[in-house]
Every structure is written in structure tokens, then in C-alpha cells.
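To find a chain, count down the sequence lines: A is the first, B the second, and so on, and within it residues start at 1.
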2 protein chains.
Amino acid sequence: MADKTFDLQDFLPYLLNQAAEATSRSFEGVYKARYGMTRTQWRVLANLGRFGAMTARDICRISHIEKTKVSRAVAALETEVMLARAPSPEDGRAEILSLTPRGLAVFAELGERAQAFDADLRAKLGPELAARIDAILREIIVLQADAGPEGDD
Amino acid sequence: MADKTFDLQDFLPYLLNQAAEATSRSFEGVYKARYGMTRTQWRVLANLGRFGAMTARDICRISHIEKTKVSRAVAALETEVMLARAPSPEDGRAEILSLTPRGLAVFAELGERAQAFDADLRAKLGPELAARIDAILREIIVLQADAGPEGDD
DNA sequence: GATTAATAGTTGCATCTGCAACCAAGTCAA
DNA sequence: TTGACTTGGTTGCAGATGCAACTATTAATC
């Protein structure tokens with residue numbers, strides 16, 4: 001059947017990238033301008049802020065960020081004194097990562113802004129579309145997680 | 001009202017990135033393994049394949065890829081003999097880019113695979129969700145395009 | 001207990017990218 | 001025509017990233 005020439009503009013990975021990049025870039029300005037943070041750093045911070053102290057490995061599992069990226073983000077956040085490491089009592093290899101008071105403050109502020117950004121975007125989308133989007137994206141994510149090995153950032 | 005701590009896992013830009021990255025990475029394997037192409041190169045090729053000869057600037061407009069990226073992708077595709085440049089008769093600065101026979105062949109093959117990939121993904125998503133996704137993503141893209149300046153890749 | 005395999009995390013290196021600065025050609029206006 | 005400005009495209013440089021290789025510790029197997 002369908003033998004029309006391929007149109008990138010209808011290609012789901014492409015559309016997803018466009019949307020993802022557009023929104024991420026837009027919000028990136030917030031943490032970049034204020035704290036010189038990178039996208040990965042923001043995500044690591046956000047996960048620690050939301051879920052509390054944990055190891056780098058846990059962050060990888062939860063957020064599907066590659067361990068190299070996490071490692072470097074942690075190092076950067078540490079030198080910014082937003083995060084502290086403590087040796088794990090159970091596992092000599094692992095380190096327990098937690099936010100410092102400063103890290104918590106930054107998370108509180110950025111988290112608030114992120115919520116506002118998100119709410120605004122959903123409002124603009126309208127209830128119809130906003131209601132569907134989460135389920136669809138989560139479904140895509142798990143589908144690919146089953147199919148391919150690593151989903152990364 | 002809502003004063004719960006921010007959860008990254010519900011943040012639209014984050015979800016979009018996860019889904020985008022997961023799907024793109026999955027398909028990336030195809031053109032990377034076969035032709036050592038980069039994501040940007042694939043997209044430039046796909047646009048030229050779909051819309052025919054045009055200038056780099058046109059590609060930027062259509063696909064929202066940054067001009068630096070396009071420039072380098074074009075150079076790479078040229079050395080791979082998938083693309084040829086011709087001086088524009090109308091504008092001495094511009095070059096008309098077009099796919100070579102090889103470029104067309106590669107586009108035909110990858111385009112077919114992309115269509116299959118896309119169809120498969122949509123099938124897995126189910127008609128309910130698949131029907132909505134395009135409209136939502138396009139809406140997000142235009143919303144951000146209005147808001148922010150550049151949406152890039 | 002010794003050896004082997006697996007795992008937490010870091011680092012080197014080779015890209016890929018973004019931004020600003022740049023060149024060359026076109027536009028506009030006096 | 002000349003000079004100021006815009007625009008198509010490239011390049012330098014400073015990050016950010018992915019992958020493979022590496023260290024150190026833990027688990028497994030004999």
C-alpha cells in the first residue's frame with residue numbers, strides 16, 4: 001500500500017525531537033541564566049530534589065540518563081556546592097548523593113518555575129490535548145525501552 | 001493551590017525528551033550502522049529527498065535545523081558523494097544542493113525503513129493514541145516557535 | 001580462600017554541537 | 001559610485017556527549 005516518498009515531517013522521532021527541543025530550549029534559559037547549569041545537571045538536581053538522597057546508579061535507573069553524564073553532572077553540582085557525596089555504608093563503591101541546603105534552595109526555586117512553565121504550556125495546549133499527552137509519551141517511552149537497550153537522556 | 005514538590009517525571013519537556021531520545025536512538029542505528037551518518041545528516045538528506053534541490057537556507061527554514069549544523073552536514077554528505085552543490089544562478093552567495101544518484105538511493109532505502117519504523121511504532125501505540133500524537137506535537141512546536149526565538153534540531 | 005565475573009563510578013578520546021566572529025555577495029539609499 | 005546594512009554560508013573555539021577502557025569494590029563459584 002502506502003508507497004509515497006517518505007516525509008520527515010510526519011516521522012514520529014522527528015516530531016518528538018522538534019517538540020522536545022523546542023520546549024527544553026525554552027526552559028533551559030531559566031537554569032542556564034541563573035546558575036549556569038546544564039540540562040543534565042538540572043535533571044540530576046531535580047531527581048535528587050524530588051526523591052531525596054540516592055546513589056548515582058539510582059539516578060541512572062530512574063531518569064534513564066547515561067552514567068557518564070550523571071557522573072559529570074554530579075561533579076559539577078558538587079563544585080557548585082549544590083550536592084554532597086557521602087560514602088555508602090553498604091557498598092564501598094557507591095556514594096550517597098544528596099542536595100546541600102543551597103541545592104535544596106535552587107531546586108525549590110527552579111522546581112517552582114518548572115511547574116509554572118509546565119502549567120502554562122498545558123494551558124496553551126488546551127485540556128483536550130493536555131489530557132492525552134502524558135499517557136502517549138509514557139507509552140512511547142516504555143515501548144522503546146522494551147525494544148532497544150538504552151534510552152538515555 | 002498545587003504546592004507539591006516538583007516532579008521531573010511529569011515535566012513535559014522532560015517526557016518529550018525521553019520519548020524523542022528513545023525513538024531517535026532506536027532508529028539512529030539504521031543510518032549509523034549502514035552509512036555512518038549522523039542524525040543531522042540523515043535529516044538533511046531526508047529533506048532533500050522529499051522536497052528536491054534547494055539551498056542550505058531553505059533546509060534551515062523547513063526543518064528548523066541551525067545553519068551551522070546544516071553546513072557541516074552538507075559538507076559531510078558531499079564527501080560521501082550523496083549530495084552535490086551547484087552555484088545558484090540567482091544569488092552568488094547561495095548554493096543549490098541536490099542529491100546525487102547515490103544520495104537518492106540511500107534516501108530511498110532509509111526512507112522506506114523509516115516508514116516501516118514509524119508504522120510499527122504507531123501500530124504499537126494503538127489507533128487511539130496514534131491518532132492524537134501528531135496534532136499534539138505540532139501544536140507544541142508552533143506554541144514554542146511563537147514563544148521562543150529558535151527551536152533548532 | 002582464590003579466581004572469575006559483575007557492578008559503581010571515572011576518565012580519555014573522538015565527535016557533535018552552539019555561539020560568535022567572520023567572509024563574500026546582495027540590497028538599499030544617497 | 002560609495003558606504004551602511006543584511007544575508008548565505010563557513011570556521012574557531014569552547015563546551016557537552018557517547019563509547020570504550022579503566023579502577024576499585026562486591027558477588028559468585030569452585
Side-chain angles (χ1 to χ4, degrees), chain A residues 17 20-22 24-26 28-29 31-33 35-44 53-80 83 85-97 148-153, chain B residues 17 20-22 24-26 28-29 31-33 35-44 53-80 83 85-97 148-153:
Chain A
N17 257 299
E21 217 42 49
S24 285
R25 298 276 280 202
S26 177
E28 185 170 56
Y31 50 78
K32 198 170 185 178
Y35 304 104
M37 291 171 67
T38 194
R39 197 129 100 202
T40 308
Q41 286 167 239
W42 148 243
R43 287 181 182 168
V44 167
M54 58 183 155
T55 71
R57 175 179 153 278
D58 293 330
I59 297 179
C60 292
R61 298 273 162 100
I62 292 176
S63 64
H64 298 193
I65 305 177
E66 215 220 5
K67 63 181 189 169
T68 306
K69 261 158 104 171
V70 171
S71 173
R72 291 195 247 247
V74 165
L77 290 171
E78 188 185 26
T79 70
E80 288 297 321
L83 168 157
R85 310 180 197 231
S88 165
E90 297 152 4
D91 190 330
R93 297 164 295 181
E95 293 171 314
I96 309 289
L97 309 172
E150 248 296 53
D152 177 41
D153 165 61
Chain B
N17 256 297
E21 218 40 50
S24 285
R25 299 277 281 203
S26 177
E28 186 171 57
Y31 50 78
K32 198 170 185 178
Y35 304 104
M37 291 171 68
T38 195
R39 195 129 98 204
T40 308
Q41 285 166 240
W42 149 242
R43 286 179 183 170
V44 167
M54 57 184 154
T55 72
R57 174 179 156 280
D58 293 329
I59 296 179
C60 292
R61 298 272 162 102
I62 291 177
S63 63
H64 299 193
I65 306 179
E66 216 221 2
K67 63 179 187 170
T68 306
K69 260 158 105 171
V70 171
S71 173
R72 291 195 247 245
V74 165
L77 289 171
E78 190 185 25
T79 69
E80 288 297 320
L83 170 157
R85 310 181 197 232
S88 165
E90 298 151 4
D91 191 330
R93 298 164 296 181
E95 293 171 313
I96 309 288
L97 309 172
E150 247 296 56
D152 176 42
D153 166 59

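What separates NZ of A/K69 from P of C/dG9 is a distance of 17 Å, to the nearest Å. The distance from atom CD of A/E21 to atom P of C/dT17 is 11 Å, rounded to the nearest whole Å. Residue B/R39 contributes atom CZ, which lies 12 Å from atom P of C/dC16 at whole-angstrom precision. Atom CG in A/L77 sits roughly 12 Å away from atom P in D/dA16 (whole-Å rounding). Rounding to whole angstrom units, CD1 of residue A/I59 and P of C/dT10 are separated by 11 Å. The CD1 atom of A/I65 sits 10 Å away from the P atom of D/dT17 (whole-angstrom rounding). Look at CD on A/E28: it is 15 Å from P on D/dG15, rounded to the nearest Å. Remark: C1' of C/dT7 and CD of A/E90 are 15 Å apart, rounded to the nearest angstrom.
Checking B/T55 against B/D58 by side-chain atom types alone, a donor-acceptor pair falls below 3.5 Å.
With A/S63 contributing its side chain and A/I59 its backbone, the two residues share a donor-acceptor pair below 3.5 Å.
Judged by closest nucleotide on DNA chain D, A/M37 is the one of A/G92 and A/M37 placed further toward the 5' end.
Side-chain N/O atoms of B/R25 include one lying less than 4.0 angstrom from OP1 or OP2 on D/dC19.
For A/E21 and A/R39, the salt-bridge test passes: some basic side-chain N is under 4.0 Å from an acidic carboxylate O.
Here A/R61 pairs with nothing under the salt bridge (charged side-chain N to carboxylate O under 4.0 Å, His left out) rule; sequence neighbours left out. By the ring pair (Phe, Tyr, Trp, His ring centres under 6.0 Å) test, A/Y31 pairs with A/F27, A/W42, sequence neighbours left out.
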Determine, for nucleotides 6-13 of chain D in 5'-to-3' order, which nucleotides have protein heavy atoms under 4.0 Å from the base (write B), from only the sugar-phosphate (write S), or from neither (write -).
-BSBBBB-
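We find the OG-CD distance between B/S71 and B/E95 to be 9.0 Å, quoted to the nearest 0.5 Å.
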